[in-house]
J.: 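If you scroll down you'll find the structure; I have some questions about it.
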Amino acid sequence: MKKYFNVFLEFDKDIIHSTIHNAVKQDLKGYVCAIESNNLSIANKDIHFNKVVNEALVNVCDGSNIARFLGKLYDKNFTSYIGNDIFNYFIAQKTYTHYFLGNTEEILYKLKEQLIHIDPRVNNMPFESLPFKKVEDFDYKKIATKINRQSPDLIWVSLGAPKQELFMYNLLPYLNRGVMFGVGAAFNYSAKTGPVKRAPQWMLNAKLEWLYRACEEPKKNIPRYWNFIKLLPSLIYQEKRLIRSTNQTKQL
């Protein structure tokens, strides 16, 4: 991974997949963060949260605008890897064991119904909701004990950012093995129920999912996007300085 906008990111999907696969194969543990505008903004303001995301096994870029800006700065064809897409990819492999953690009982029930059609083995895998509480109030040792009994390859955490990233960081020391993913609303999208839905395909193709999310949940998402927009000029300025400095060093 290389650091962009002060956060480590990997854009190569093959590297992302192999990193996760190798961790599972070697019985390692770690977590994966999907970096979008909200948690990128928080990571540039909160030192502890910056440490949390930068200690991930690998981070994917979950924001098309982040990929677009960085692509222009580095003159590369960067593309985002949305959390829901990485979720679908690993479910479709039908080779891993999974543990589904977070969200509501209703969403988990519907999610299981949908995933069984993709991989029937999912029927025998754990789906567990979590009580609504502050991230520091969870009994991480108790949660990890349940997970360790199952010894899953992949642990999907749906709590929303930045809570899920902090949750994974706090849970990690108690786990024996397994790769955790913070996937936010991916459970909702795949469950195909409730008010939270994924953008229509034409908006996905046009990289306008952020606009759909803003219209879908304006009170939640518009302030988040505004915080990112306010921070973006300084991030671009810092990145340009870093690029110039790197180029000058190479010329020496």
Side-chain angles (χ1 to χ4, degrees), residues 1-23 30-46 49-90 92-93 161-162 165 179 181-186 198-199 201-214 221 224-252:
M1 286 192 295
K2 185 181 184 302
K3 190 174 281 190
Y4 302 97
F5 291 157
N6 301 312
V7 169
F8 285 113
L9 289 171
E10 179 56 64
F11 287 94
D12 189 318
K13 290 184 180 181
D14 289 335
I15 292 176
I16 293 167
H17 296 160
S18 63
T19 298
I20 294 163
H21 174 74
N22 290 335
Y31 56 89
V32 179
C33 300
I35 303 299
E36 35 72 46
S37 58
N38 180 47
N39 53 20
L40 179 67
S41 299
I42 297 170
N44 275 276
K45 296 177 180 178
D46 186 309
F49 190 72
N50 185 275
K51 171 183 168 67
V52 168
V53 297
N54 282 330
E55 289 189 6
L57 182 67
V58 65
N59 290 326
V60 301
C61 179
D62 191 12
S64 58
N65 286 323
I66 297 172
R68 184 180 297 113
F69 286 122
L70 287 173
K72 289 181 178 180
L73 286 170
Y74 285 88
D75 194 24
K76 293 184 177 181
N77 185 28
F78 287 147
T79 57
S80 57
Y81 197 2
I82 307 302
N84 189 66
D85 294 337
I86 196 170
F87 177 71
N88 291 336
Y89 172 84
F90 280 100
Q93 298 308 298
E165 287 77 21
V179 178
F181 295 76
V183 289
R198 195 157 189 200
Q201 190 60 48
W202 71 268
M203 295 191 83
L204 298 178
N205 294 340
K207 308 297 183 184
L208 291 174
E209 187 168 13
W210 63 271
L211 180 59
Y212 181 86
R213 290 180 179 179
N221 288 324
R224 290 181 172 186
Y225 292 146
W226 177 238
N227 287 335
F228 174 67
I229 290 169
K230 289 189 294 183
L231 183 64
L232 188 59
S234 65
L235 290 178
I236 292 175
Y237 174 73
Q238 292 173 28
E239 206 70 19
K240 284 183 175 180
R241 287 190 61 185
L242 179 61
I243 293 170
R244 285 198 298 268
S245 175
T246 301
N247 291 338
Q248 289 172 358
T249 302
K250 289 180 179 179
Q251 293 172 3
L252 295 178

J.: Mind checking whether Asn65 and Leu232 have side chains closer than 4.5 Å, heavy atoms only?
T.: no

J.: Considering only heavy atoms from C-beta outward, does the side chain of Val52 approach that of Tyr31 to under 4.5 Å?
T.: yes

J.: Kindly compute the distance separating CG (Asp46) from OG (Ser41), expressed to the nearest 0.5 Å.
T.: 12.0 Å

J.: Looking at Asn50 and Ala43, what are the two nearest heavy atoms and their distance?
T.: ND2-O, 2.9 Å

J.: Looking only at atom types and distance, does a side-chain atom of Asn39 sit under 3.5 Å from a main-chain N or O of Pro162, one as donor and one as acceptor?
T.: no

J.: Considering all heavy atoms of both residues, which atom of Leu9 and which atom of Leu70 are nearest to each other, and what is their separation?
T.: CD1-CD1, 4.1 Å

J.: Is it possible for you to check whether Lys2 lies under 6.0 Å from the centre of the six-membered ring of Tyr4, through NZ or CZ, and within 45° of that ring's axis?
T.: yes

J.: About how many Å separate CG of Leu40 and CD1 of Ile42, when rounded to the nearest 0.5 Å?
T.: 9.5 Å

J.: Any donor-acceptor pair under 3.5 Å linking the side chain of Asn22 with the backbone of Ser18?
T.: yes

J.: Has Glu36 got a side-chain atom pairing as donor or acceptor with Asp62's backbone, closer than 3.5 angstrom?
T.: no

J.: I'd like to know whether the aromatic ring centres of Tyr81 and Tyr89 sit less than 6.0 Å apart in this structure.
T.: no

J.: Roughly how far, to the nearest 0.5 Å, is the CG atom of Leu231 from the CH2 atom of Trp226?
T.: 12.0 Å

J.: About how many Å separate OH of Tyr74 and CZ of Phe11, when rounded to the nearest 0.5 Å?
T.: 9.5 Å

J.: What heavy-atom pair brings Asn59 and Val53 nearest, and what distance separates the two atoms?
T.: ND2-O, 2.8 Å

J.: Can you tell me how far the OG atom of Ser37 sits from the CD1 atom of Ile229, to the nearest 0.5 Å?
T.: 8.5 Å

J.: Ignoring hydrogens, what is the shortest heavy-atom contact between Glu165 and Cys33? Give both atom names and the distance.
T.: CG-SG, 3.7 Å

J.: Have Asn227 and Arg224 got a donor and an acceptor in their side chains that come within less than 3.5 Å?
T.: no

J.: Quick one, Phe69 and Leu235 - any side-chain contact, counting heavy atoms below 4.5 Å?
T.: no

J.: Is it true that a side-chain atom of Gln238 and a backbone atom of Arg241 form a donor plus acceptor pair closer than 3.5 Å?
T.: no

J.: Quick one: pull up CG in Asn88 and CD in Gln93 and give me the separation to the nearest 0.5 Å.
T.: 11.0 Å

J.: Would you find a donor on one side and an acceptor on the other, under 3.5 Å apart, between the side chain of Asn44 and the backbone of Asn6?
T.: no

J.: Applying side chain to side chain contact (heavy atoms under 4.5 Å, CB included), run through Val7 and Asn54 and close with a yes or a no.
T.: CA-CA 6 Å; Val7 169; Asn54 282 330; 4.0 Å; yes

J.: Taking all atoms of both residues into account, what is the closest heavy-atom pair of Ala67 and Ser80, and its distance?
T.: CB-N, 3.8 Å

J.: Around atom NZ of Lys3, are there more than 12 heavy atoms from other residues, nucleotides or ligands closer than 6.0 Å?
T.: yes

J.: Considering non-hydrogen atoms only, spot the tightest contact between Ile16 and Glu10 and give its length.
T.: CD1-O, 3.4 Å

